[in-house]
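Note on naming: letters A, B, ... go to the chains in the order of the sequence lines (proteins, then strands), and numbering restarts at 1 for each one. Small disclaimer: the values here were computed from a predicted structure and weren't measured.
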Amino acid sequence: MARTIDLVVNGTRHTVAADPNRTLLSVLRDELDLTGSKYGCGEGQCGACTVMIDGVAARSCQTGAAAVAGRRITTIEGLEQHGRLHPLQEAFLEIGAMQCGYCTPGMIVSGAALLAKNSNPSEEEIVSALEGNLCRCGTYPRILAAVRLAASKMKRSAA
Amino acid sequence: MSYEPERYELMAGPAYNFSFGRRGFFKALGGGIVVVSFLAKSEAQESGGGRGRFGHPLPQQIAAWLHIDAKGAVIVYTGKVEVGQNSRTSLTQAAAEELGAPAGAIELVMGDTARTPFDMGTFGSMTTPQMVPQIRRAAAAAREILGPGAWETLDFANADKKLASGVTTSGHPKPTSEWKVLGTSVPKVHGRQIVTGAHRYASDMKRPGMLYGRVLRPERFDAQLVSADTSAAQAMPDVTVVHDGDFTGVAAPTPHAAQLALAAIKPQWTSPETQWSSKTLFTELKRNVEAGREPDAGFIEKGLAEAARKHESTYTIAYIAHAPLEPRAAVAEWNGDKLTVWTGTQRPFGVQSELAQAFHIPESNVRVMMPDTGAAYGGKHTGEAAIEAARLAKAAGKPVKIVWTREEEFTWAYFRPAGVIEVRSGVTDGRIVAWEFHNYNSGASGLNTMYDIPHKREEFHPTKYPLRQGSYRGLAATANHFARESHMDELAALSQIEPLEFRLRNLKDERFRAVLQAAAERFGWGKRKAGAGIGYGIAGGFEKGSYVATCAELHCESGQAPRIVRVVEAFECGAILNPDMLKNQVEGAVVQGLGGALFEAIEFENGRILDARFSKYRVPRFRDVPKIEVVLIDRKDLAPAGAGETPIMTLAPAVANAIYSVTGERIRSMPLSRRAPAGSTVSGAPAI
C-alpha cells in the first residue's frame with residue numbers, strides 16, 4: 001500500500017500518493033487539475049508556476065509535494081472569494097495588464113503575496129517581488145501599474 | 001485575396017516520416033535512423049507550403065462566418081488564432097460594430113479546422129487588413145438581412161434560416177466616421193478566465209485516460225541513431241514505447257513515469273565531426289552563399305562614383321529564440337482512423353495537413369483545434385508536438401499529451417535567422433546619392449529603403465545555415481532596419497548633419513516623416529546634448545503597412561552594459577481599431593525588442609545549444625524596462641494595418657545610435673551589449 005500525504009489547497013484537503021520525486025506543480029496540474037499554475041521553465045527562473053505556501057510566494061516547480069504536506073497552499077484558483085475577484089485580479093483587468101496571459105496567474109500570485117505582507121509597496125519593492133517572473137509579451141509596465149492600483153484599492157477598502 | 005508567404009514564414013513539411021511498424025524502413029538503413037539535417041537547403045523549409053489551398057477564395061456564404069441563434073447569441077468563425085495579439089477582441093469588435101450587437105452577445109470560434117473557414121495562418125500582420133474586413137462584410141451583410149432597429153428588438157426566431165442564403169459580398173461595412181465599437185478600447189475578451197487561471201491553454205488540456213508523452217532527442221543536431229535499447233522502458237508498467245522511423249518516444253500515466261521511461265532508453269549516436277558554431281557563424285554564412293549578387297550593369301557604381309563621400313559598413317545579427325512562455329504543447333486523441341488534436345500553433349490548417357501527411361490519412365479525418373495560446377511571436381508555425389502526441393496516442397490507444405520542456409523549446413524549435421548585412425553608400429551635400437544593401441541569410445523583410453535615393457541596389461542572398469530557422473515577429477525587418485538606420489546615422493555623422501535633420505532631408509514619404517517628427521517632439525529630441533554618460537538615438541521605418549519611429553535615451557556607465565532609461569515610440573497603422581490594445585502591443589514590442597537589441601543571442605557549438613535555459617539565455621525582466629511612452633497616430637482616412645510586428649523594428653538601431661552619441665563607438669552587431677566573439681566579423685568589417 002503506497003503511503004499518502006495530505007495537501008491543503010485553497011482550503012480543501014486532498015490525499016495524494018506520496019512520491020518523493022513529484023513536484024507540487026505536477027500534483028496541482030496533473031492530479032488535482034488545477035492548471036492555473038503553469039510550467040514555463042522547470043528551473044525556478046520564470047515564475048509561471050508561482051503559488052503561495054503559508055502566504056509566501058514559492059515556485060511550485062521547485063517544491064517537492066511531500067515537503068509541503070499540511071501547509072496552507074493557495075493557487076490562482078483560490079484568490080477569488082465568494083465570486084469576488086482579488087483586487088489584484090480586478091486591477092489586471094482594469095489596466096489590461098496582459099497579452100497572451102500565460103504568465104498572468106504567476107504574476108498575480110506573486111503580487112498578491114507581496115500585497116498581503118506590504119499594503120503600500122514602493123516601486124522598488126514591487127520590482128523586487130516580481131523580478132523572478134517573466135512576461136515574454138513585455139507587459140511589465142502594465143503589471144507594475146496593476147499592482148499599484150490594487151494597493152490603492154485595498155487601502156481604500158480597508159479605510 | 002491571396003498572399004504570398006515570405007521565405008521565413010516557415011512552412012515546413014511534417015517533422016517525421018512514420019513507417020507504422022513497416023520494419024523495412026529500419027532494415028534498409030541498417031538499424032540507423034536518419035535525423036533531418038539542419039544544413040539542408042533553405043528551400044527545404046518551404047516545402048509543402050502550397051498544399052493546394054493557397055489562393056482559394058474565402059467562402060462567400062454568411063453562414064460560413066457567423067451563426068445567430070433564436071435568442072440572438074452570435075457565433076463568429078475565423079481560422080485566425082489568438083496568441084496574445086488580442087485579435088479575439090478586435091474581431092469581436094468588428095462583428096459587434098456591423099451587427100449593432102453588444103460585444104457580449106458575440107463569441108468567436110477561432111482556429112478550429114472542423115468549424116472555421118480555411119485560413120493559411122496567423123502571421124504577417126494579416127488579421128487586421130484581411131480578417132477584420134472579412135468579418136465586417138459578413139456581419140454587415142447579416143445585419144442588412146436582419147433589418148433595422150435596436151439589436152434587442154430584432155426577431156431572431158428564424159435568424160439562421162434568413163441568413164442561410166445570404167452572401168458576404170452584399171455587406172456594406174460602416175464608414176470609419178460612424179464607428180461606435182471599433183476605434184474604442186474594448187477590454188480583452190476572456191480576460192476574466194485569464195486572471196482566474198480558468199482559461200485552458202493546450203498544455204492545460206486533459207482527456208479521460210490521457211497519458212503523458214516524452215520524445216527521445218538526438219544528442220546533437222545532426223546526430224544519427226545507431227541503436228536504441230528500449231527494453232528497460234518497455235518493461236515498466238503501463239509504459240508505451242514507440243520506435244518508428246526517426247521517432248522514438250514513450251507515453252506513461254504520469255509525466256514523472258514518462259520521464260523515467262525516457263531516461264531508461266539507452267541510445268547510441270554518431271555525430272559528424274565538422275560543425276558550425278556561434279563563434280565562426282558570420283564568416284561561415286559569407287562562405288556559404290547560395291545566391292550571389294546579380295549583375296549590376298554599373299548603375300550603382302555610377303552613383304557611387306559621383307558621390308562626394310563614400311561609406312561602407314558591415315552589420316551582424318545573432319540567432320535569437322522566440323521563447324514563448326508556453327512551450328509547444330499538444331493533446332492528441334484517436335477515434336478509429338479519425339484524429340483530434342488540441343495544440344498551440346499559428347497554423348491550425350497547416351498542422352492538419354502535416355498530420356494527414358504523417359499518418360497517411362485524408363485531411364478530413366483530422367481535426368485541429370487551437371485554444372488561445374501562451375504566445376508564439378512567429379515561432380509556432382509548425383506541428384511537431386501535435387505529430388509526436390498523435391504518434392504516441394496511436395500506439396497507446398489512449399489520448400496523449402506532449403508538453404515540450406524549456407530545453408526542448410530552446411533547442412528543437414526554430415530560431416530567428418542570423419545574418420550579415422553589407423552596406424555601401426555615397427552622399428553629396430547631405431543627400432544620399434547611392435545605396436547598396438546586401439542581406440545574407442537573415443531575410444528580405446524590410447529590405448528596401450524608404451529614403452529617396454536615385455541609385456539603389458538592395459538584395460537578399462540565401463546561404464547555407466547551421467540552425468533550424470524560421471519566422472520571428474517582424475521577420476528580417478528588425479535586422480534590416482538595424483543596419484539601415486545605423487548606417488543612416490553614420491552618413492549623418494559623415495555629413496556633419498544632425499541625425500533627424502539628415503533623415504528628413506532624404507525623405508519624401510509624408511507618413512514616415514510624421515512618425516519621426518511625432519516621436520522627436522514627444523521625446524524632446526535635440527533639446528539636450530549627449531554626453532556625461534547619457535546618449536540619445538533615433539530610428540524609423542516602414543513595414544507591413546505601418547510606420548514606426550523610436551527615440552531612446554540611454555545611460556552608459558564605464559565598464560557596465562548600457563541601460564535604456566527612456567523610450568518614445570510613435571506608431572501609425574491607419575485607422576486604430578482599439579487604442580489601448582494597440583498601445584499594449586507597441587509597449588510589448590519595445591520590451592521584447594530590447595532583449596534582441598541588448599543581450600539575446602543563441603550560442604551553439606558541436607551541434608548543441610549552449611544556452612537553452614532561462615538561467616543562461618537572458619530575456620528582458622522588470623528591471624530592464626525603461627520608461628516607455630507611446631504616441632499613436634490615428635489615421636481614420638486610411639484602412640487599418642496590422643500592428644503586431646512593425647513596432648519591434650526600430651528599438652535596436654535607436655539604441656545603437658544612442659550608444660554612438662555618447663561613446664563615439666559604433667557597434668554594428670546585435671545584440672549590442674555583447675562584443676562580437678573573436679573571428680566572427682567578416683573580412684572588411686570594421687573593428688568593433
Q: Charged N to carboxylate O under 4.0 angstrom, B:K206 versus A:D30?
A: no

Q: Please determine whether side-chain contact (heavy atoms from CB on, under 4.5 Å) holds for the pair B:E409 and A:C41, giving the CA-CA distance in whole Å, both sets of side-chain angles, and the decisive distance to 0.1 Å.
A: CA-CA 10 Å; B:E409 183 67 34; A:C41 69; over 6 Å; no

Q: Heavy atoms only, distances under 4.5 angstrom: which of B:I194, B:D372, B:D204 has the most pairs with chain A? Name it, please.
A: B:D204

Q: Would you call the rings of B:Y201 and A:Y102 parallel, tilted or perpendicular, taking 30° and 60° as the class edges?
A: perpendicular

Q: Is the closest side-chain heavy-atom distance between B:R621 and A:N133 below 4.5 Å?
A: no

Q: Sort B:S185 into side chain, backbone, both or neither according to what part of it lies under 4.5 angstrom from a heavy atom of chain A.
A: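 Contact with chain A: none, neither part.
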
Q: I'd like to check A:T139 versus B:E587 (side-chain heavy atoms, cut-off strictly below 4.5 Å). Are they in contact?
A: no

Q: With chain B as the partner chain, list the residues of residues 105-118 of chain A whose heavy atoms fall under 4.5 Å from it, by residue number, and write 'none' if nothing qualifies.
A: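 Within residues 105-118 of chain A, near chain B: A:P105, A:M107, A:I108.
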
Q: Closer than 4.0 angstrom, basic N to acidic O: yes or no for B:R192 and A:E80?
A: yes

Q: Donor-acceptor check, side chain of A:Y140 to backbone of B:G588, threshold 3.5 angstrom: yes or no?
A: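 No, the answer is negative, given that no donor and acceptor are paired below the 3.5 Å cut-off.
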
Q: Which atoms of B:F410 are under 4.5 Å from chain A, going by heavy atoms: the side chain, the backbone, both sets, or neither?
A: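 For B:F410, no heavy atom lies under 4.5 Å from chain A.
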
Q: Counting only non-hydrogen atoms closer than 4.5 Å, does B:H199 touch chain A with its backbone (N, CA, C, O), its side chain (CB onward), both, or neither?
A: backbone

Q: Is there a side-chain contact between B:R613 and A:Q45 (heavy atoms, below 4.5 Å)?
A: no

Q: Using 4.0 Å as the upper bound for N to carboxylate O, is an ion pair formed by B:R406 and A:E43?
A: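 Looking at B:R406 together with A:E43, the answer is no, because their closest N to O distance does not fall below 4.0 Å.
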
Q: For B:L325, which atoms come within 4.5 Å of any heavy atom of chain A: side chain, backbone, both, or neither?
A: both

Q: Can you tell if the side chain of A:C137 reaches within under 4.5 Å of the side chain of B:Q585, non-hydrogen atoms only?
A: no

Q: With chain A as the partner, which of B:I628, B:V625, B:T405, B:T196 has the greatest number of non-hydrogen pairs under 4.5 Å?
A: B:T196

